[in-house]
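Only one structure is covered here, and it is reproduced in the block below.
In what follows, residues are counted from 1 in the order of the sequence shown. Side-chain atoms are counted along with the backbone in the values below, which use heavy atoms only and exclude waters and symmetry mates.
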Amino acid sequence: MQISGAMAPAPPPSGLGYGPPTSPASASGSFPNSGPYGSYPQGQAPPLSQAQGHPGVQPPQRSAPPLASSFTPPASGVPRMPSMTSPLLPGQGFGGPPVSQPNHVSSPPPQALPPGPQVTGPPGPPPPMHSSQQPGYQLQQNGSFGPTRGPQPNYGSPYPGAPTFGSQPGPPQPLPPKRLDPDAIPSPIQVIEDDRNNRGSEPFVTGVRGQVPPLVTTSFLVKDQGNASPRYIRCTSYNIPCTSDMAKQAQVPLAAVIKPLARLPPEEASPYVVDHGESGPLRCNRCKAYMCPFMQFIEGGRRFQCCFCSCINDVPPQYFQHLDHTGKRVDAYDRPELSLGSYEFLATVDYCKNNKFPSPPAFIFMIDVSYNAIRTGLVRLLCEELKSLLDYLPREGGAEESAIRVGFVTYNKVLHFYNVKSSLAQPQMMVVSDVADMFVPLLDGFLVNVNESRAVITSLLDQIPEMFADTRETETVFAPVIQAGMEALKAAECAGKLFLFHTSLPIAEAPGKLKNRDDRKLINTDKEKTLFQPQTGAYQTLAKECVAQGCCVDLFLFPNQYVDVATLSVVPQLTGGSVYKYACFQVENDQERFLSDLRRDVQKVVGFDAVMRVRTSTGIRAVDFFGAFYMSNTTDVELAGLDGDKTVTVEFKHDDRLNEESGALLQCALLYTSCAGQRRLRIHNLALNCCTLLADLYRNCETDTLINYMAKFAYRGVLNSPVKSVRDILITQCAQILACYRKNCASPSSAGQLILPECMKLLPVYLNCVLKSDVLQPGAEVTTDDRAYVRQLVTSMDVAETNVFFYPRLLPLTKSPIESTTEPPAIRASEERLSNGDIYLLENGLNLFLWVGASVQQGVVQSLFNVPSFSQITSGLSVLPVLDNPLSKKVRGLIDSLRAQRSRYMKLIVVKQEDKLEMLFKHFLVEDKSLSGGASYVDFLCHMHKEIRQLLS
């Protein structure tokens with residue numbers, strides 16, 4: 001049965017495969033076959049990436065009761081909810097545009113309305129209400145949307161004579177057909193737009209405890225006045241329940257997504273560096289928390305009480321200062337650690353390995369020179385790029401040159417080390433063929449200063465592609481390469497990073513040898529989890545040794561077929577590194593993406609040999625951690641490397657009762673070695689409110705952060721549980737969160753109404769996007785490697801990245817005036833929002849599509865593609881021609897600005913309406929039903945309502 005009205009997704013054209021299009025090849029002369037995570041081989045289907053949706057959003061903290069959104073999903077007389085799979089019947093829709101609801105202060109309970117059909121009046125201030133009740137949005141009997149007024153009488157009659165929602169006698173009456181209206185359900189676009197308008201103009205000042213920050217999609221400035229900026233820490237809720245019973249009842253996970261080295265916009269100052277000399281930073285004697293603005297000075301300033309554990313400590317004489325009449329130190333505003341939420345301390349020698357200051361870190365470039373790497377032109381391209389890229393190694397502050405030393409290794413079945421000592425006329429090669437017992441054949445001349453050895457390095461990079469040009473060696477090793485890099489850093493007594501460029505499954509006889517175990521038949525079985533697990537424990541052991549040495553691994557993969565990403569990514573994942581994947585790499589199609597990623601990766605600021613600990617005030621503690629790191633105990637997050645893109649997500653649980661008055665505190669301390677070899681401590685502090693009313697919890701949640709946490713929780717869950725049970729757990733938890741709100745915070749109303757808390761009204765749409773993602777519900781063409789790749793990628797994403805990854809941005813390009821320099825307003829990610837006379841850009845942080853409607857005006861086609869008609873546009877094109885006209889400049893400028901906002905280069909794919917590639921594009925229209933069986937947004941909302949009602953009954 002078809003879904004009624006415009007919500008019905010168009011059926012795929014009969015006999016349409018997913019293979020490469022039959023249209024002419026792309027501009028470069030060969031079709032890029034681009035799938036969502038790279039390009040795919042000729043004749044092989046591009047894997048379809050699941051509709052990836054995005055994490056939630058909510059308004060600022062309010063003192064008024066939290067708003068609620070409510071809608072009554074229509075029923076045919078009885079409360080039957082459509083299942084996840086069955087299409088909606090005609091008339092099972094939601095109607096009318098949302099109406100914004102003014103905020104109001106809590107006061108006495110409302111009067112009940114007289115019975116009778118409700119009519120939507122103009123949105124005016126609702127009557128005063130009790131603090132536990134919420135004003136809301138409700139679908140009215142006439143099918144339009146309006147604010148609710150106090151408790152709702154139990155009308156279930158959609159039209160005169162129909163039975164109400166209770167178990168009334170009499171046969172169900174059919175509903176008059178009504179177009180299903182998706183505009184009546186919460187819109188991510190509207191929520192994002194409202195937040196930008198309400199909160200984008202004022203700076204976010206962090207002085208007040210427990211403030212909910214603007215959404216990640218809003219551009220705003222931060223003024224640090226004692227709490228860490230939301231760029232460093234975002235929480236799922238800024239007002240946490242006082243007791244564990246209350247937390248269990250609400251089921252809202254209490255978590256923080258922490259990005260300790262986040263990059264700041266140029267208008268915001270980096271954290272101040274505080275140098276306390278040989279005495280080092282001042283800490284609490286008992287819990288070891290660092291001095292921060294929440295510490296309480298007493299006895300005239302001679303002692304301080306720790307805000308985390310209440311221990312009373314002496315103030316050392318050199319740190320003493322008098323207090324003013326309010327009990328504050330008179331120098332509080334001169335000291336970053338007494339007035340700011342984020343700052344750094346220079347660490348003393350006590351904070352260093354073996355009690356000696358570290359040497360500057362090193363970068364080692366390890367290049368696969370097997371047949372595959374040479375044949376594609378990868379080795380030549382990389383060597384050419386490195387000649388100039390080595391001038392851009394990260395450096396400290398105003399340093400003239402980088403302190404980082406570099407080394408080079410090439411490998412296939414054996415390893416080749418190069419001596420590039422500045423005194424040599426030519427580089428020297430040393431071969432290690434005993435890969436089972438890896439050692440570094442030279443110390444002096446392996447790691448060098450770039451400027452001193454420039455001539456020798458340039459000579460080496462010129463020679464490598466020539467030396468291996470005629471190779472026939474197809475087999476590679478992998479674990480011994482990492483082992484060699486780590487041993488080299490160990491011998492040089494420094495931390496550092498390995499950049500590995502690798503092309504194939506390591507099947508050569510060596511430690512860490514792998515076999516092809518790809519098996520699609522395991523999908524949807526209990527053994528599916530093995531596809532995400534490494535096939536040998538050898539890599540975990542190796543990763544542990546790397547972490548101990550401060551050796552971080554960044555892996556660039558160029559596979560033509562299965563390479564077992566689940567196993568190869570273990571070391572990068574556990575050392576705080578990154579994985580980049582370019583399937584079926586072709587220089588002409590993929591070089592821009594690869595080189596852009598490489599440049600950014602080599603230049604970004606990294607903290608090496610890092611340890612992070614999160615301390616909390618009495619009552620809660622950190623119990624679980626998600627991200628790219630290693631843990632050898634339950635408290636210390638160990639990171640061989642940490643860059644400004646990576647987050648660590650921490651979950652908290654109660655171990656005692658919290659106090660509304662004092663709130664709750666967290667302090668994140670990161671000890672690391674800077675790019676110049678300086679040992680530092682970066683401190684972030686955040687104070688949260690505590691509540692005894694559930695309504696206060698629901699009023700101060702952040703749906704985006706909640707979704708970020710839930711996705712990471714689920715993506716870790718698939719390692720040990722069947723995917724179906726992981727999906728069920730997510731649905732149940734979401735239903736429990738919303739049912740608890742409905743039961744305890746919303747005004748009494750008909751069971752036929754779905755009522756959502758205002759700041760969680762996007763939870764269902766975003767959660768559905770997570771459930772439909774490739775990891776949890778793969779389409780037939782998504783490879784095992786793609787799923788493993790995305791799984792590890794999401795693990796350390798920040799909130800802004802998961803936001804756009806799960807709910808992509810869809811931008812119409814010809815609606816806004818050409819002279820407009822601002823980004824066009826986004827529209828909802830659904831096929832019914834597309835007009836065949838328009839052109840759209842869609843991006844999710846990894847992919848970028850330009851969709852061209854079949855009826856686009858000829859002038860537009862000529863201005864953008866330099867061809868006279870739609871039929872002559874090359875499908876799968878990955879570069880727009882550079883044309884001197886306003887539309888071409890505007891679209892290319894927009895693409896550049898979207899790429900600049902993301903941490904990875906998004907390769908463009910031009911998709912024509914009704915073309916084979918359109919299937920790939922539709923995958924990202926996440927409000928629609930997906931080919932792999934994922935529910936549409938409307939269907940999922942109905943399913944959610946059914947789950948909530950079951951919990952409440």
Side-chain angles (χ1 to χ4, degrees), residues 361-395 401-412 414-432 440-471 473 476 481 484-485 488-489 492 496-503 553-558 580 582 585-588 590-603:
F363 283 0
I364 305 178
F365 297 91
M366 316 190 86
I367 306 167
D368 175 346
V369 288
S370 65
Y371 175 72
N372 269 341
I374 298 293
R375 180 187 58 82
T376 56
L378 168 65
V379 173
R380 189 171 296 278
L381 177 72
L382 174 58
C383 289
E384 203 47 51
E385 175 64 25
L386 285 177
K387 287 185 211 169
S388 54
L389 187 53
L390 293 175
D391 289 331
Y392 296 97
L393 300 176
R395 63 188 79 176
E401 63 173 51
S402 173
I404 292 172
R405 292 171 297 161
V406 298
F408 302 88
V409 172
T410 56
Y411 67 94
N412 39 45
V414 297
L415 276 74
H416 324 107
F417 291 79
Y418 297 93
N419 185 344
V420 282
K421 199 173 179 179
S422 56
S423 55
L424 295 174
Q426 282 292 327
Q428 295 171 348
M429 177 205 257
M430 298 186 180
V431 180
V432 177
V440 181
L442 76 157
L443 288 181
D444 191 28
F446 179 62
L447 294 178
V448 296
N449 173 293
V450 173
N451 286 342
E452 288 170 13
S453 293
R454 181 169 306 279
V456 196
I457 290 174
T458 303
S459 168
L460 171 67
L461 293 171
D462 283 336
Q463 288 177 43
I464 287 174
E466 308 307 329
M467 268 191 293
F468 298 99
D470 301 324
T471 185
E473 185 54 75
T476 57
V481 185
L489 294 176
K497 183 180 269 200
L498 313 182
F499 295 85
L500 240 84
F501 304 89
H502 189 81
T503 60
V553 179
D554 280 358
L555 175 60
F556 292 79
L557 283 171
F558 305 86
Y580 299 84
Y582 310 88
F585 180 81
Q586 293 174 320
V587 168
E588 60 275 20
D590 301 301
Q591 73 166 15
E592 195 178 352
R593 179 170 155 237
F594 163 55
L595 294 180
S596 171
D597 286 344
L598 175 64
R599 286 167 192 152
R600 198 173 178 283
D601 198 60
V602 167
Q603 293 174 47

>> I need the minimum non-hydrogen distance between Asp554 and Lys497, along with the two atoms involved.
In response: OD2-NZ, 2.8 Å
> Can you name the closest pair of heavy atoms from Pro427 and Val456 and give their distance?
Replying inline: N-CG1, 3.7 Å
> Between the main-chain N or O of Glu473 and the side-chain N or O of Asn412, is there a donor-acceptor pair closer than 3.5 Å?
Replying inline: no
> Are a donor atom and an acceptor atom from the side chains of Ser596 and Glu592 found within less than 3.5 Å of each other?
Replying inline: no
> Any side-chain heavy atom of Gln603 sitting closer than 4.5 Å to one from Leu389?
Replying inline: yes
>> Just by distance, no angles: are the side chains of Asp368 and Thr503 close enough, under 3.5 Å, to form a donor-acceptor pair?
In response: yes
> Of all heavy-atom pairs between Leu498 and Gly485, which one has the smallest distance, and what is that distance?
Replying inline: CD2-CA, 3.7 Å
> Phe417 and Val440: side-chain contact (heavy atoms from CB on, under 4.5 Å), yes or no, with the steps?
Replying inline: CA-CA 8 Å; Phe417 291 79; Val440 181; 4.1 Å; yes
> Can Val369 and Thr471 be said to form a side-chain contact (heavy atoms from CB on, under 4.5 Å), step by step?
Replying inline: CA-CA 8 Å; Val369 288; Thr471 185; over 6 Å; no
>> Just to verify, what does Arg405 make a side chain to side chain donor-acceptor pair (under 3.5 Å) with, not counting sequence neighbours?
In response: none
>> The test is side-chain contact (heavy atoms from CB on, under 4.5 Å); show your working for Glu401 and Asn449 and say whether it passes.
In response: CA-CA 10 Å; Glu401 63 173 51; Asn449 173 293; 2.9 Å; yes
> What heavy-atom pair brings Leu393 and Leu390 nearest, and what distance separates the two atoms?
Replying inline: CG-O, 3.4 Å
> Once you round to the nearest 0.5 Å, how far does OG of Ser370 lie from CZ of Phe468?
Replying inline: 10.5 Å
>> To the nearest 0.5 Å, what is the distance between CD on Glu466 and CD1 on Ile374?
In response: 9.5 Å
>> When you compare the side chain of Met467 with that of His416, does any pair of heavy atoms fall below 4.5 Å?
In response: no
> Are side-chain heavy atoms of Leu381 and Phe585 found at a separation under 4.5 Å?
Replying inline: yes
> In Å and rounded to the nearest 0.5 Å, what is the CZ to CG distance from Phe501 to Leu557?
Replying inline: 11.0 Å
>> Working to the nearest 0.5 angstrom, can you tell me the gap between Thr376 OG1 and Tyr371 OH?
In response: 10.0 Å
>> To the nearest 0.5 Å, what is the distance between OG on Ser402 and CG on Asn451?
In response: 9.5 Å
> Listed by chain and number, what are the side chain to side chain donor-acceptor pair (under 3.5 Å) partners of Lys387, not counting sequence neighbours?
Replying inline: Glu384, Asp462
> Quick check: does any side chain N or O of Ser453 sit under 3.5 Å from a backbone N or O of Val450, one acting as donor and the other as acceptor?
Replying inline: no
>> I want to check something: taking the side chain as every heavy atom from C-beta on, are Lys421 and Gln428 in contact at a cut-off of under 4.5 Å?
In response: no
> Any side-chain heavy-atom pair from Val602 and Phe499 closer than 4.5 angstrom?
Replying inline: yes
> Do the non-hydrogen side-chain atoms of Leu598 and Tyr580 ever get within less than 4.5 Å of each other?
Replying inline: no
>> Using 0.5 Å steps for rounding, measure from the CZ atom of Phe558 to the NE2 atom of His502.
In response: 11.0 Å
>> If I compare all heavy atoms of Cys383 with all of Leu461, which pair ends up nearest, and what's the gap?
In response: CB-O, 3.3 Å
> Quick one: does Val406's side chain get under 4.5 Å of Phe365's, heavy atoms only?
Replying inline: yes
> Within the distance-only criterion (no hydrogens, no angle test), does the side chain of Thr410 pair as donor or acceptor with the backbone N or O of Ile367 below 3.5 angstrom?
Replying inline: no
> Who are the ring pair (Phe, Tyr, Trp, His ring centres under 6.0 Å) partners of Tyr418, not counting sequence neighbours?
Replying inline: none
>> Among Val448, Asp444, Leu460, Leu442, which residue satisfies the side-chain contact (heavy atoms from CB on, under 4.5 Å) criterion with Asn419?
In response: Leu442
> Side chains of Tyr582 and Leu378: closer than 4.5 Å at any heavy-atom pair?
Replying inline: no
> Taking all atoms of both residues into account, what is the closest heavy-atom pair of Val379 and Pro465, and its distance?
Replying inline: CG1-CA, 4.3 Å
